[in-house]
2 protein chains.
Amino acid sequence: MNPYQAPLKDMQFLLEDVFDAQNTWQEIPELAEMVDMDTATAILDEAGKISRDLVHPLNRSGDEQGVVHQSDTIITPDGFKEVYQQFSEGGWVGLCGDAEYGGMGMPKMLGILVDEMGYSACNSFVLYSSLTAGAALCINAHATDELKQTYLPHLYSGQWSGAMDMTEPHAGSDLRGIRTKAVPQDDGSYAISGNKIFITGGDQDLTENVIHLVLAKLPDSNGISLFLVPKILVNQDGSLGEANGVSVGSIEHKMGLKASSTCVMNYDNAKGFLVGEPNRGLVCMFTMMNYERLAIGIQGLGNSQAAYQMASEYAKERLQGVAAGVKPSGASDPIIVHGDVRRMLLTIKALTEAGRALSVYTGKQLDLAKYAEGDVQAKAKQYVGLLTPVAKAFLTDRGLDATIMAQQVFGGHGYIRETGIEQLVRDTRIAQIYEGTNGIQAIDFLGRKVTGDNVATLKMFVAESVEQLKALQHTSDADKQAVIIRLESLVEVADYINDNKLSQPALINASAVDYLDAFGFALYGFYWLLMADKAHGHSDSEFAAQKHYVAQFYMAKLLSKSDYHLSQVKAGDESIMSMPADLF
Amino acid sequence: MNPYQAPLKDMQFLLEDVFDAQNTWQEIPELAEMVDMDTATAILDEAGKISRDLVHPLNRSGDEQGVVHQSDTIITPDGFKEVYQQFSEGGWVGLCGDAEYGGMGMPKMLGILVDEMGYSACNSFVLYSSLTAGAALCINAHATDELKQTYLPHLYSGQWSGAMDMTEPHAGSDLRGIRTKAVPQDDGSYAISGNKIFITGGDQDLTENVIHLVLAKLPDSNGISLFLVPKILVNQDGSLGEANGVSVGSIEHKMGLKASSTCVMNYDNAKGFLVGEPNRGLVCMFTMMNYERLAIGIQGLGNSQAAYQMASEYAKERLQGVAAGVKPSGASDPIIVHGDVRRMLLTIKALTEAGRALSVYTGKQLDLAKYAEGDVQAKAKQYVGLLTPVAKAFLTDRGLDATIMAQQVFGGHGYIRETGIEQLVRDTRIAQIYEGTNGIQAIDFLGRKVTGDNVATLKMFVAESVEQLKALQHTSDADKQAVIIRLESLVEVADYINDNKLSQPALINASAVDYLDAFGFALYGFYWLLMADKAHGHSDSEFAAQKHYVAQFYMAKLLSKSDYHLSQVKAGDESIMSMPADLF
């Protein structure tokens, strides 16, 4: 088995030919001075090498060894500490961080491709830095200048890490019930007491300090506020001081992600600092959540890519059976001759590459939402809101599909730990659950993003996509029409749901997952036509041919999944809601 | 979490009301003297208790502890040996075994329900007895009287176990390449030399002896023959003699099934006895394979049932969020109020109960194929052939779907080992792979069973099902018609494939999985209408109501999956076959 190879050509193609990164960046002063396509290419190249040579070698051994909780320390598997230090020193943790505080100021459109490589190489490893970047984003957006000065440079440098402390045993998807308390102190700080569970990277031995962003309630308030709670207190001069009242109660034993610590955290009058306004903690946390939700979508993407590489390589090497229509002789063919194996590989490939397009496009909208102005910015913010739950849920659901299909390509060898593909299944499964389950994402999508503004954003997005499709030069009208019909059906059904959501209050919750899937499969049709069209005449004729073949496969085989899921939505909620609970 | 509870009412309903077990058994002299509904009920009741009280408690600890290979011994987890002995002494290993050799002679129609309970309770445990029963079936069908006398009583009693030694590193789905050799000896036995991999229960510390059924080649022959190779040789008087040249090279470390030993077996001039005719080993092995394929389907069924119980119980207890349309107040509702959670639970329930109907029906056909005469027997043999690959693939694919959906109901808690649902995902995953991958099953189904006889068996099966549907008394014409349309479309498409299979040689391989899925979802529609109709007026009105609600859910939401998969088949194989292999 060859080591992981970053799909650099596909990544550059999306940036350069499909989503026009160069012009996008040049039009934004903050980005124009930091990055152009040459810089981006160099960064991707370097990230590919690090992912392959440093991070990927930790993947299997990290799974075997796992994190260990010993007295009050979390011990990460062999090699994690050394590689994390090299990774940090390379500036990768702060890649998209604010340059004012020591970040590298790179656009998200580029950053998510680096994230993808990390997740392809080792899920557990990259979670530590991903949570750190997310925490920094939240602090940068909502904290005081003093907190930013104190914490951001150390987070971007990777010396300290970040964690996101939300869930409690009785408050997961529904945070109203959290019990962690924050009592104001005379010095302006707060004393935090309570417990949290499922805290990814809640502690580890990689960094000197862990900066927790903790949701808690002020006295006599039902509102939820956000606090920055360092594991070790920071002195005035920036040096590390005393231990804070933050400790790890235990770590969870999980299906996968065994090298990532998932901690029960205890706060015993821990010193915390308010981030943002009192009782507005969820709003602040959502800055981080949106970032994390996209990042977790990228986990699904990275895992799909890794699964594809493993399975396609295996299928080209493993000899078993003979091609259909050929008389059985002594010699076996590689299993890639078999239609069913090709079907699985093409499905993974088609979904992965369209998923990468969705990711880069969403990254571009995040950049425009941050840096652009006026209408462009306003529209980008709407699109970020619309696409983030889709990216999170659809990419991670397809991530499980991809790893399961890849495992099937391996046959019996896929069930054995040695080949590594079963680890990918176990590691990617959590991505459908954490940072808001995919059901929650779908309800957010259909309930808030699609019908919340009476379908206005969706209509704008669809109209724009239809315009783009119509303008394609090398795409058949039949193909364009096939996608346009699906996009317009989505609007039609959204209008129906919007009109009936008050009279049928369960309709959104019961239809949301199918609606999101219907949207995802139609959107991927759009991206495939776009990619095949833009690849037309590509200097690498094999690359162009590949995009053509996979686009044709998508149109013939996968686009109609959108119809199936939309038919589910149209079938309504009565059959779902009518059986009394005690008959379950 | 409550322990496992066997769904006895559902099982009795299928036997008694849906598939008329009592009359079926009374018409067959061999069965009439062994079993009636009272006996069957008593057996199910007792099997339920054993599964809950003896077998299920081994499940979690068995996963944690795993099997250990120490010098030349395989050590099963604590408790396995004691429980296996009790299980054997209860006659459960020989439940469906030939009464002439000490089996209990029970019908398969009943036996598969006992199998289901075992798989719900502990996959790893029940594999040891399932392989033994399968080996006994093969020996009973093909071996000499002398071998039967020597081996069957000890297999049925559970004193000895059985294993099925087929796969070699380079010969999995394609057995033509096996290299294990069998050299004839002067005493009429054979000297077996070679290696096998992936041998489930290849060795363990539960039984005194392990009886291997080994595929090997005779000198100068490319044909494959079958040999009975005991781990310990048996003396003339039936006592155990010297060790044979059979040893375990190593055991595999797997994604799941950690308490089941998966062995690399080495044969060093091991003494073996021919079973069946020389060079006809695959035909003999298929007797066992068909049995095992159905049994593995039942693994998917049992795991779906266990997943449903865990998830529905959790959904009724876990408080999170409030019902749609209700103003958020302080009190949270159990998550079963949420449409998306209900959708997942109903999907699992609908697929599990229809899966049980398919299993019982297939079991009934196995009984008729074995015991009936004339046309009834001939037709039953055709139906066994038709339905076995469907039962294996469709039940196990739905088994993964069920466990994954149940895990999703648990949210973050589903990823933690403690709740047990993630183990079910890991344990059930193999069922889609072993005993012939589900891709292989689908190709067998479409290539041999559906088009192999120019669609004759399928047409007979569909015509009979349509007749049965039309005769239902308490079912709407619209519902009947919805299923009939799907069944008839399956015939139509099968005719098309049959007509074009020579000119498009890749068509079957490329379409097979979708065709099997299209068949499965249509067939489950048939079973749901049948069940809801037969439940009409049931003495337990809640039971009748439940069947009605779930049937309506199936008709509204899941039946149309058949259309989607059939549309995939209709989209042909061109988009699958056209991309050159080096572009993958």
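By convention in this document, chain letters (A, B, ...) are assigned in the order of the sequence lines, proteins followed by strands, and residues within each chain are numbered from 1.
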Participant: Looking only at heavy atoms, what is the nearest atom pair of B:Gly321 and A:Asp174, with distance?
Facilitator: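 Closest approach of B:Gly321 to A:Asp174, heavy atoms only: N-OD2, 2.6 Å.
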Participant: Under 4.5 Å between any side-chain heavy atoms of B:Phe198 and A:His413, yes or no?
Facilitator: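 Yes, at least one pair of side-chain atoms sits under 4.5 Å.
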Participant: Hey, could you give me the OG1/OH distance between A:Thr262 and B:Tyr415, rounded to the nearest 0.5 Å?
Facilitator: 8.0 Å
Participant: Please give me the minimum heavy-atom distance between B:Pro505 and A:Ala324, naming the atom from each residue.
Facilitator: O-CB, 3.1 Å
Participant: Determine whether A:Arg426 and B:Arg426 make a side-chain contact, defined as any pair of heavy atoms from C-beta on separated by less than 4.5 Å.
Facilitator: yes
Participant: Where on B:Ala581 is there a heavy atom nearer than 4.5 Å to chain A: the side chain, the backbone, both, or neither?
Facilitator: both
Participant: Side chains of A:Gln407 and B:Arg429, heavy atoms from C-beta outward: is any pair under 4.5 Å?
Facilitator: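 Yes. Closest side-chain heavy atoms under 4.5 Å.
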Participant: State, with a plain yes or no, whether a side-chain heavy atom of A:Ser578 is found less than 4.5 Å away from one of B:Phe553.
Facilitator: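 No, every pair of side-chain atoms sits at 4.5 Å or beyond.
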Participant: Verify whether one side chain among B:Arg343 and A:Gln568 offers a donor that lies under 3.5 Å from an acceptor in the other.
Facilitator: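 On atom types as modelled, these side chains do not qualify, holding no pair under 3.5 Å.
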Participant: Could you have a look at B:Glu574, B:Glu252, B:Gln504, B:Lys501 and say which one has the most heavy-atom pairs with chain A under 4.5 angstrom?
Facilitator: B:Glu252
Participant: Against chain A, label B:Lys557 side chain, backbone, both or neither, depending on which of its atoms sit under 4.5 Å from a heavy atom there.
Facilitator: both
Participant: Can you tell which part of A:Leu400 gets under 4.5 Å to a heavy atom of chain B, answering side chain, backbone, both or neither?
Facilitator: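 For A:Leu400, side-chain heavy atoms alone lie under 4.5 Å from chain B.
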Participant: Tell me, side chain or backbone of B:Glu542 under 4.5 Å from chain A's heavy atoms, or both, or neither?
Facilitator: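 Contact with chain A: backbone and side chain both.
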Participant: Just give me the residue among B:Gly411, B:Pro334, B:Ala442 that pairs up with chain A most often, heavy atom to heavy atom, under 4.5 Å.
Facilitator: B:Gly411
Participant: Contact part of B:Ile440 toward chain A, heavy-atom cut-off under 4.5 Å: side chain, backbone, both or neither?
Facilitator: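 Neither; nothing under 4.5 Å.
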Participant: So B:Asp563 and A:Tyr564, do their side chains get closer than 4.5 Å, heavy atoms only?
Facilitator: no
Participant: Measuring only between side-chain heavy atoms, which start at C-beta, is B:Ile433 closer than 4.5 Å to A:Gln408?
Facilitator: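 In contact.
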Participant: With B:Ala482, which residues qualify under side chain to side chain contact (heavy atoms under 4.5 Å, CB included), at least two apart?
Facilitator: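 Applying side chain to side chain contact (heavy atoms under 4.5 Å, CB included) to B:Ala482 gives B:Arg486, B:Met555, B:Leu559.
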Participant: State, to 0.1 Å, how close B:Ile336 and A:Phe584 come at their nearest heavy-atom pair, and which atoms those are.
Facilitator: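 Looks like CD1-CG, 3.5 Å.
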Participant: When you compare the side chain of B:Met579 with that of A:Arg342, does any pair of heavy atoms fall below 4.5 Å?
Facilitator: yes
Participant: For chain A, which candidate among B:Lys561, B:His548, B:Met344 shows the most heavy-atom pairs at distances under 4.5 Å?
Facilitator: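 Top count of heavy-atom pairs under 4.5 Å with chain A: B:Lys561.
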Participant: Is there side-chain contact between B:Tyr554 and A:Ser575, with heavy atoms separated by less than 4.5 Å?
Facilitator: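 Sidechains of A:Ser575 and B:Tyr554: no contact.
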Participant: Select one option (side chain, backbone, both, neither) describing which atoms of B:Ser173 are under 4.5 Å from chain A's heavy atoms.
Facilitator: both
Participant: Using the test salt bridge (charged side-chain N to carboxylate O under 4.0 Å, His left out), find all partners of B:Asp514 that sit at least two apart in sequence or belong to another chain.
Facilitator: none
Participant: Find the one option among B:Asn438, B:Ile416, B:Thr437, B:Ile430 whose heavy-atom pairs under 4.5 Å with chain A are most numerous.
Facilitator: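 Most heavy-atom pairs under 4.5 Å with chain A: B:Ile430.
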Participant: Rounded to the nearest 0.5 Å, what separates atom NE2 in B:His253 from atom CD in A:Glu422?
Facilitator: 12.0 Å
Participant: Only one of A:Asp340, A:Val341, A:Val337 passes side chain to side chain contact (heavy atoms under 4.5 Å, CB included) with B:Asn509; say which it is.
Facilitator: A:Asp340
Participant: With a 4.5 angstrom heavy-atom cut-off, which part of A:Ser567 approaches chain B: side chain, backbone, both or neither?
Facilitator: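 Only the side chain of A:Ser567 comes within 4.5 Å of chain B.
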Participant: Heavy-atom distance under 4.5 Å to chain A: side chain of B:Ile404, backbone, both or neither?
Facilitator: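 B:Ile404 touches chain A through backbone and side-chain heavy atoms alike.
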Participant: Ignoring hydrogens and angles, state whether a donor on the side chain of B:Gln320 or A:Arg176 is under 3.5 Å from an acceptor on the partner side chain.
Facilitator: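 Checked: B:Gln320/A:Arg176 side chains show no N/O donor-acceptor pair below 3.5 Å.
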